[in-house]
Amino acid sequence: MFRFGVDYYPEHWPEERWTTDARLMQEAGFNTVRLAEFAWSKLEPQEGRFDFDWLDRAVDILSRRQIQVILGTPTASAPPWLLQRHAEIFRMRQDGQRVTYGNRRGTCPNSPLYRHYAGRIVAQMAAHFHKAPALIGWQIDNEFGERCYCPQCQQAFHAWLRSRYQTLDELNHKWGTVFWSQVYTDWDEIPLPLATGGSPNPSLALDYDRFMSDSYVDFQRCQVETIRSQCPGSQITHNFMGFSFDQVNYFDLARDLDLVSLNYYPRSQWNMQAEVDPSEFALALDTMRGLKHQNFWMMEQQAGPGGWEMISVQPRPGELRLWAYQAIAHGADGILFFRWRSCRYGAEQFWHGLLDHDGTAGRRYAEASQVGQELRALSGAIVSTVIRPKVAFLLSYDSRFAFQIQPNNPQFSYPAHFQQLYQAFYRQHAQVEIVSPDDDLNSYRLVVAPSLHLMDRETAKKLEEFVRQGGTLVVTQRSGVKDETNLVVDQRLPGYLRELMGAEVAEYDSLAPGMSNEIRFVLPGLELQASLNCGTLCDVLAPQAARTVAVYCRDYYAGKPAITENRYGEGRAIYVGTIGDAWFYQILTRWLLDSTGIEPLVFSADPDVEISERWQGERRILFILNFASGPRCVDLRRDCVRLIDGQLIPAGKIQIPPHEVLVLKEK
Amino acid sequence: MFRFGVDYYPEHWPEERWTTDARLMQEAGFNTVRLAEFAWSKLEPQEGRFDFDWLDRAVDILSRRQIQVILGTPTASAPPWLLQRHAEIFRMRQDGQRVTYGNRRGTCPNSPLYRHYAGRIVAQMAAHFHKAPALIGWQIDNEFGERCYCPQCQQAFHAWLRSRYQTLDELNHKWGTVFWSQVYTDWDEIPLPLATGGSPNPSLALDYDRFMSDSYVDFQRCQVETIRSQCPGSQITHNFMGFSFDQVNYFDLARDLDLVSLNYYPRSQWNMQAEVDPSEFALALDTMRGLKHQNFWMMEQQAGPGGWEMISVQPRPGELRLWAYQAIAHGADGILFFRWRSCRYGAEQFWHGLLDHDGTAGRRYAEASQVGQELRALSGAIVSTVIRPKVAFLLSYDSRFAFQIQPNNPQFSYPAHFQQLYQAFYRQHAQVEIVSPDDDLNSYRLVVAPSLHLMDRETAKKLEEFVRQGGTLVVTQRSGVKDETNLVVDQRLPGYLRELMGAEVAEYDSLAPGMSNEIRFVLPGLELQASLNCGTLCDVLAPQAARTVAVYCRDYYAGKPAITENRYGEGRAIYVGTIGDAWFYQILTRWLLDSTGIEPLVFSADPDVEISERWQGERRILFILNFASGPRCVDLRRDCVRLIDGQLIPAGKIQIPPHEVLVLKEK
Amino acid sequence: MFRFGVDYYPEHWPEERWTTDARLMQEAGFNTVRLAEFAWSKLEPQEGRFDFDWLDRAVDILSRRQIQVILGTPTASAPPWLLQRHAEIFRMRQDGQRVTYGNRRGTCPNSPLYRHYAGRIVAQMAAHFHKAPALIGWQIDNEFGERCYCPQCQQAFHAWLRSRYQTLDELNHKWGTVFWSQVYTDWDEIPLPLATGGSPNPSLALDYDRFMSDSYVDFQRCQVETIRSQCPGSQITHNFMGFSFDQVNYFDLARDLDLVSLNYYPRSQWNMQAEVDPSEFALALDTMRGLKHQNFWMMEQQAGPGGWEMISVQPRPGELRLWAYQAIAHGADGILFFRWRSCRYGAEQFWHGLLDHDGTAGRRYAEASQVGQELRALSGAIVSTVIRPKVAFLLSYDSRFAFQIQPNNPQFSYPAHFQQLYQAFYRQHAQVEIVSPDDDLNSYRLVVAPSLHLMDRETAKKLEEFVRQGGTLVVTQRSGVKDETNLVVDQRLPGYLRELMGAEVAEYDSLAPGMSNEIRFVLPGLELQASLNCGTLCDVLAPQAARTVAVYCRDYYAGKPAITENRYGEGRAIYVGTIGDAWFYQILTRWLLDSTGIEPLVFSADPDVEISERWQGERRILFILNFASGPRCVDLRRDCVRLIDGQLIPAGKIQIPPHEVLVLKEK
C-alpha cells in the first residue's frame, strides 16, 4: 500500500474543525497522517501529568475516514516547565555559548536529565498507543542533530575516547599530540574543539565529530528500543534531511531503524532562487535510499512556500506534483506533505501548508489531490518495485567531517564536489546509488569515490577487490591523503590506493581564487577535445603502471598527467586529479558510462528532463519528468504502456508537455 | 521667538575661554545654548557630592550675551564611580553579552539602581536651577534607546505581560504557544527573545519590543515629572533621532513631552556618500512634526563632519545653511548646531563643531552666522506659522517591529519601502504629515499606509470611516496580514481591510534576489504607459467590488491584478500589491494627487529643488531650496514677496542659484 | 660564517630516522638547525620532571654532521597538564571571551602563574645546555603576541598607568575624561577597551595598546636575562613577523635582543594569490634590519606551501631560491628554512617542509640544496657586508596603533599607505631603511614619514634639525594631528610641524567610497604632467612660506594646494596632502630622488627586477633578482665580477633569465 498523506497538528486548531479536516484529507486521497510531533506540552502539560485524550479523539476522527497514523515522539521540543528549570539541558554552541529557550532542537543529546524526561514521555506514549488499530508507525524525534560542546558532552567524549583508544599513550600517538606540546597526561585534560581554542588538532576534531554523531545515534536508540519492545509491529523511522545535512553519519543513524524517511524542501527561505535544480533533490533521494538500500518515505514533502522570518518563492503550478513523482521515481513508497494547514502561530507562520492560514483549500490542495487521484491508478504497479543502479557513489562521512575541519582550499567543498559529479551522471539519466565505504560493492559496475580523503587498509583492500573482479573505480583529487585518525599517511600519495591506481601524486597545487588551469584529454578516442577549464585543487600525477587519460595545459606542470587509468585485474582504476566544470564532467561521465557498457535508459532526451526507473520484477517502469516550462522530447527504446490509463506508447520519440509527468511500463 | 544657537560644553575648555566663546556666539546671532548634557561627572564628582558652581558661572557668562539656556539631564552617561561598581546597571545585548564600561548609553532603562541615581541627579539639578532666569527648557537624557535583554528586564517584562494578559491561559492562547510545545505554566518560564534562543515566537518577540519601548517611555516619564513639578514654566523635550531610529515608539515617547526636538546629520561616518538625498532629511523632519502635530526644534543640527573612528565627508559650502532652512521649511521653530567647537578629547574627536579643534572660527562658523543674520529678518514672519498637509503617511511602529522580526523577504525593508513612497511625494512637492494609526485622520484628503502589516478591528473601522467620508486610502503589499498579537489573521487577506478594499489576496509571491516581474497600468487614462519593473513581494489580487488599476505581466500570474481601486462611501481605497521602482511610484503618485485634487505648490520645478510651505494665517510662505550644484528653475503660481528684503517676485519662472534658498510669501 | 639551515622537530619522528635527516641536511649544505621550539611536553612531561636526554641525542647526531644548533624556548605552547588546570593563564580576547585550550599562543603575558612556569623551564634548559658546544644561540618563545584583555592585565595596566601619570588628576587631564563623564576617581575604575564597551576613549585605547606591547617586551626580558646569565656567549633572538604584524612595538621588542630574526611566508593560506608582490617581502626585510640597524637572520624561510586548514598555492619552481637571495640582499646573514619535513600531525599538517610527509626529498629540497651549494662560493664575500641606505621611512607604532583605533576613513590603512609609498621607492631600486621616530636620522638624505599622526615636541624638533642641516623630509596627509596622549592638538594643523612645513591644513576632506579627486603638478619641471587620481583623505593646504608643488583639480577646493615644499635651513620639507595611485607615487618618488641627488643603482632596469646592494667596505655587491617568468634586462653602470664563478660582467646591458639571480661585485 502506497502511503499518501500529510503531517497534521490538530492541537493547533479548534476541535470542531477536525472533522472538516479529516473529510478534506480523505477527498484528497490521503490514507496516512503523522501526528504528535512537537506536542509534548499537550501530552504532558505538567511534569508527570499525562493527557492522551485529545490525541485519542483526533486519531478516532481520522480513523473514521480510513486514515492511519504515524506518531512522532515529541522530544525535539520539550516544554518550558522542563527546559526553563534546567539550563544544563541546553546545547552549547562551538563558540562556548549555551543555547537559551525560545526555539526547538536546543537540547544536548548527552544530557542525562534530558534523556530521563524524553525516555519517560516516549514510554508513556508507547504504552498508551501500542494497541491503537490506526497506528502504523513511529517517527523518532525530528531532524537530528546539531553538535553540542557542553561539559556533559566533554565527559561523554572522554569515555568514548577511552573506549576507542584504551590508553592515553595510544591516543597521544594516534593523534600526534607531540606537535605543539599537546601530550595529554590525564583524560580530563582533553579539550573540546571550541572556537575559542583556535584551529584544533585535526585528529581530535574528527574524533569529536564522530563522537557527536554517535551521540545522536545512541540517543535515538534509546527511543527505538522502548517503542520496539512495546509496539513490535510498528515501523520505526526518523525524518532525515537528505544529502546536504552534514553533522551526523546518516548510515549509522539509519541502522537501528526499520525505515528511512526524508524531509525535503526545494523551495525555502534558505534556498531563494528562481529555478530549482532537480539534481539536488535527486541526490537527496538517492542518498536516502542508499542508507539502507531499500525504499523509503517522504515524511515532509513540500506543500507550499517554506519560511520562518522570510517567505520562500511560491512553488510554481505543477511543482508540488512534479516533486512528488520525483520522490517516487527515486524510491519513495510513501509521501506525506508538510503541513496540512499554514499555522497562524509561532516561528513557522510562513511555512505554508496545503491549506491557507484561514483554512481555505486552494491551488496547492488541488495539486496534491490530483496526485492522490492518480495514485489510485498507479500505486498497485509501483508499490514493492525497486531500483537497481549499476553506478554507486561512495559517501564517506569521515572524509566529509575531515574536510569540514580542513577544507584544503577555500573554494573547495566536499558536498559541492560530490553534487557536481552526481549532477553529471544525473544529466546522463544514469541511475545512481549512494553507498557507504562499508557497503558491499558487488552489485555495481562503476564506483565513483569523490575526494575519498580518509582511507584505511581494509577499505583499500575492498576497492582493490572490486576492481580486480572487473569493476571500474573512479577516485578524485585528494583521495587517500589521510589515515583513519586524520594523520597524513606516511607514504607517497594516494597512500593505500597507490598500487591500485598505478600512479603517484608527484605534487599538488592549491589554486588561489581567480587562478585556473586547463586540461586536455589525450586518450585515443577522446583526444580531439578542446582543452577544458580546471582548477582549485590540482594533483600532478606520475603514472607507474597507469596510462595517461588527460594532461594539464598550463603553468609549470603543463603536459603532466591530470587523469590516469590503470588496468588492474579484470577492471580498471581511474584517478581524476583536478576539478573541472560541467562540460568537463559531461565528457568524463559519458566516457565512463560508455566504456563500462552501461546503456542509457532512452535513446536520447532533451535537457531538463529526468528519466528514472523502478523495476517490477524484470519489467522496467520509467518515470519521465519534464521540469521545463516548455515541451520536451524523449526517444524511447521500447514500446511502453502508460500506467495511468493503460494506453500504448510505442518506441520512438514522444513529447512531454511542460511541468508534466509520464509513468510508463516497458512491454 | 525663533530659537537659534548651539550645543555647548564649557566643561571641555579652560574657563578663561568662555567669554570669547560667548562673544562669538552672540556675534553669530545665537540666542539659545544647550548645556550640561553628559556633565554628570562634573555635577556630581563623587557619590552624593554635587557641584553646580561651574555651571552657574557658564550660564552667567552666556546670560550677559543675552543667550538663554536649555539644560540636558546627564543621565545618558553616568560617571565611572557609579557604573564601575554596579555592573548590573549595564544593558545586556540580544546576544546575551553584558555591555561593559567605556562609551555612553550602556545602561538598562529598567535598572532600579540606575533609576535611583538618575532620579537624584535630576532632582538636584531641577532644585538648583528652577529659578535661573536664563533657563527656558530641559532636554531629558540623550537619544533613547537600545533594547536591553537583562534579567531585570525579564522580570519587568513578566510584570508587563501580567498586566496586559491577566492570565497565562490568555497569553498562551494569544501567542499560540501550543506551537512547538511552548505552553507556559508559570510567568517565570517566559524567556527573552535572545539571539541564543534562535528564531523566537513572533508574538513574544513583538511584545518584547513593545515592552522595551514602554520601558524608555517610563524611564523618561520619571524625569519629566520631577522637572515639571520643580520648573513648571520650562519646556521639556527629548532629542529624537528622526525616522530611521526604530527601537522606540516615538509617538509614545513624545506624548509626555512639551516639545519634540531632533538630532540629524545628513553627513556622518555611518552615511558616507558623495551626494545627500534631501528627501531623507525631509522625512525625518515630517516625522518629528507628526509626533505631536506641532512644530519642533532641531536640537542637533549638523555643524561639520560627523564621525567617531572615521571622519565623514566634509559638508560642502552652502550645505549647513541649506539644511538649516530645510529644517525650518518642515516646521522647526528652533535650531541649535551641534557642536560649538570640535572636541579635542574622547570618542567624538572627529564629530566636528562650528569651530575647529584649535578654536578657530572658519568657514563653518561663517555659514552659521549668515543664517543668524538672515533670521533676524525672517524670524518674525516665520515663528508661529504652521504646516497644513493634505497627505498623511501612516507610520506603525507595531508593523515596523513585526517586520524586524519577520521581514517576509530578505530584500524587503519596511523603512526603506516607506522612504521610497515618501520620496515619490516629496519629488512632487507634496506636503506630507507622518501620523500614527491612532491619530485622527479627518484633516487629510489622502492617507498612505505602507505595508500596514498589523491590523486590529478598531483601526480598520477608522480607515473605513475615513474613506466613507470621502478620503482616499492607499495601502501596499502585505497589509492586514497580522492581528494585534502578531498572529496571521483567520481570514482571507487583507483581513480586516478586505471589505474596504473590495479585493482579496489570492496568492502572494516572495521573489528571490534577481527575480522580478512587470506591471502594466490598465485604468483608462493610465493604460498607455509601458510596463514597469516590480518585485520583491507580489500580492496577486482577486477583485470583488474593486476595479483593476494595474496587472502583472509575467510569470504564472501574468494578467492578474496588481493594483485595485474600490469606491467605498464617498471615497476610495486603493491596494498596491507590489513594490516598484522610482518611475513606478512617480506615475502612481501623480495619479493619486491629481485624482484627489491636491494642487501642486508651483506650476513646475526642476528636479533637485525642494518646495515647502508654512502658513501664516491664510498666507502661504514658500521655501524654495536648490540642492543642485547648478541653477534651477521654478514656475511660481502667484506673485510673492521675498522675505529677506521685501522685494516683489512676480508669478512665473524664476531661477535659483546653486545651493541657494528663497523664502517667499505669497501676496 | 653565513648561517644556513632549517627548523627541525626531531621529536615528531622516530629516532631511527634522525641520522638520515642529519645526513640529508649536511648534503644540502646546512650548518645550523633550530630545535626545541614547542617541545615543552617532551622536555617537562610532567610538572617538575625534566627530560633533556632525547634533545641531547638529537644535538649529538647533528653535531656529528657539523651542524650547530639554536634552541627555542618552548613557552609559546605550554603542555595540557599546565594549561588545562589553570584557565586563568589563557588570554582574554577583546570581546571578553577567554581563549580555551586547543592551539598555541593562547597565554596571557601578564599571568604571574604562567611567568612562573615559563621561567622555570627556560632556567632548566639554560642550565642544562649552557655548555653544549654545538649551541650558538637561543630563540625566545615564538611570534609574540596577541593582545590580552583579562583581569590580570587590567591590574597590570593600572600599575602601568600609575607609573606613567603618577596621579589620577593628571591622567584625567591627559585623557580628557571630562568628555562623556568619564572622570575616574579611583585607578580601579579604569576599564579595558573591550568590544562590549563600544568605541573607547582614544587616549585610553592607545595607552592600552602601548601597555600590551610593553607586556610582551617585559615577558621576553625575563627569559633574556635568565639565558644571558647562564649562556653569556649565546646569540639571543626572537622570531619577528615582519612589517605587517601590528600589535607589538618591534623597536622596543628588539632592544633587549642580540639579533633580530624573521619568519616570512610569501605564500600561505592567508595570502592566496597567483603572483607574489616582491616589494612586500622587501619591506618586511628592511623593517627587520631597521629594528637594530644591523643585519639579521631569517628564522623561518618558506620551504613549501603554507597552510593550516587550507593549502597555499605551491611555490613555483625557483621561488624558494629567489626568496632566499632576496633575504640576503636585504641584510640576512642567516637563513633557516621552515620546516624540515611536512608534519603528519596536528594543526600544521599543511605547512609543508622541504621534505614531503613521507620523508621524500624532492623538488623543494633540491632547490634549497642549490642555494646551499652556491653559498659555499658566495658566503665569504657576503658575510659582514652591510647596507647603507640614503632613504629612511619613519615607522611609528604609536601612529599605527592610533589609526587602528581611529582609521579616519574606512578606506584608509596606515600599513597599506606605508607599503604603497615604500613600493614606489622599491620600484625605483632605491635602498630604504625603516627607522623609528626615536632613531638618529643623520646618515640619511631623504626621510619619508607616512601619515605621522602622533607628534610630540621632541620629535618635531628632531625633524626640524634634520631639515635644517640639509635633509629632505616628506610627510603625508594627517600628520601631526595628535599629541602623545592621542588628543587632537590645540593648534592649526599639522600642529608641531606647521612651521617646518611652512603651510597649514585649511580644511580636510574624507571621501566616501566611490568619490575621488584629481591632482596636477604645477612645479616648474613637473607641470606638464596630466592630472592624476587622488582621494580617500584630502588635506587642503594653505601655504605660508612654502611653495605649491601640486593642486587639486576638482570639487570646491579645486586649485587649492595638495602638495607643498618648504625650504628650511639647508634642506626642505614637503607635505603631501592626499593619497594617489601607483603612477602618482612614481612621479613623486622620481622627483624626490632626483632632487635629492640620490643616484640610481643602475642606468635602467626592466620592471619585475629587484636591484639591491650590500657594501663590502667601499665595494658594492649588487643583487639582481628577476621575479618575472620571462627574461629581463638591466643596464649596469660599472664593470662587475660575478661572484659565483668570478666571471667578468662588463658595464652595459645584460639579460637575466626568468626566476634567476645574479650576485655581482662592482670592480
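Values reported hereafter were calculated over all heavy atoms of this structure, with side chains retained and with hydrogens, waters and symmetry mates removed. Naming: A, B, ... by sequence-line order, numbering from 1 per chain.
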### Query
At a heavy-atom separation under 4.5 Å, does B/Pro407 approach chain A through its side chain, its backbone, both, or neither?
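Both parts, heavy atoms under 4.5 Å.
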### Query
Tell me, side chain or backbone of B/Glu189 under 4.5 Å from chain A's heavy atoms, or both, or neither?
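Interface part for B/Glu189: both.
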Contacting moiety of [X], where chain B heavy atoms sit under 4.5 Å:
| X | value |
| --- | --- |
| A/Arg267 | neither |
| A/Ala39 | backbone |
| A/Tyr101 | both |

### Query
Just wondering, more than 12 heavy atoms not from A/His659 lying within 6.0 Å of its NE2?
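Correct, the count exceeds 12.
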### Message
Can you tell me if A/Glu275 has over 12 outside heavy atoms packed within less than 6.0 Å of its CD?
### Response
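Counting other residues, nucleotides and ligands, CD of A/Glu275 stays at 12 neighbours or fewer.
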### Task
Using a strict 4.0 Å threshold on nitrogen-to-oxygen distance, state whether B/Asp188 and A/Arg85 make a salt bridge.
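No salt bridge links B/Asp188 with A/Arg85.
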### Message
Using a strict threshold of under 4.0 Å (side-chain N to carboxylate O), is an ion pair present between B/Asp490 and A/Arg17?
### Response
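Salt bridge between A/Arg17 and B/Asp490, a charged N being under 4.0 Å from a carboxylate O: no.
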### Message
Just verifying a value: how many Å separate B/Gln182 CD and A/Phe38 CZ, rounded to the nearest 0.5 Å?
### Response
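It is 10.5 Å, given to the nearest 0.5 Å.
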### Task
Output the residues of residues 7-15 of chain A for which the shortest heavy-atom distance to chain B is under 4.5 Å, in residue-number order; output 'none' if no such residue exists.
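Under the 4.5 Å heavy-atom cut-off, A/Glu11, A/His12 qualify.
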### Message
Using the rule given for ring-ring contact (aromatic ring centres under 6.0 Å, His included), can you reason through B/Trp180 versus A/Trp308, listing the C-alpha separation, both sets of side-chain angles and the distance that settles it, and then say yes or no?
### Response
CA-CA 13 Å; B/Trp180 283 356; A/Trp308 290 13; 5.3 Å; yes
### Query
So, for B/Tyr508 and A/His352, is the gap between ring centers shorter than 6.0 Å?
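Here the rings of A/His352 and B/Tyr508 have centres that are less than 6.0 Å from each other.
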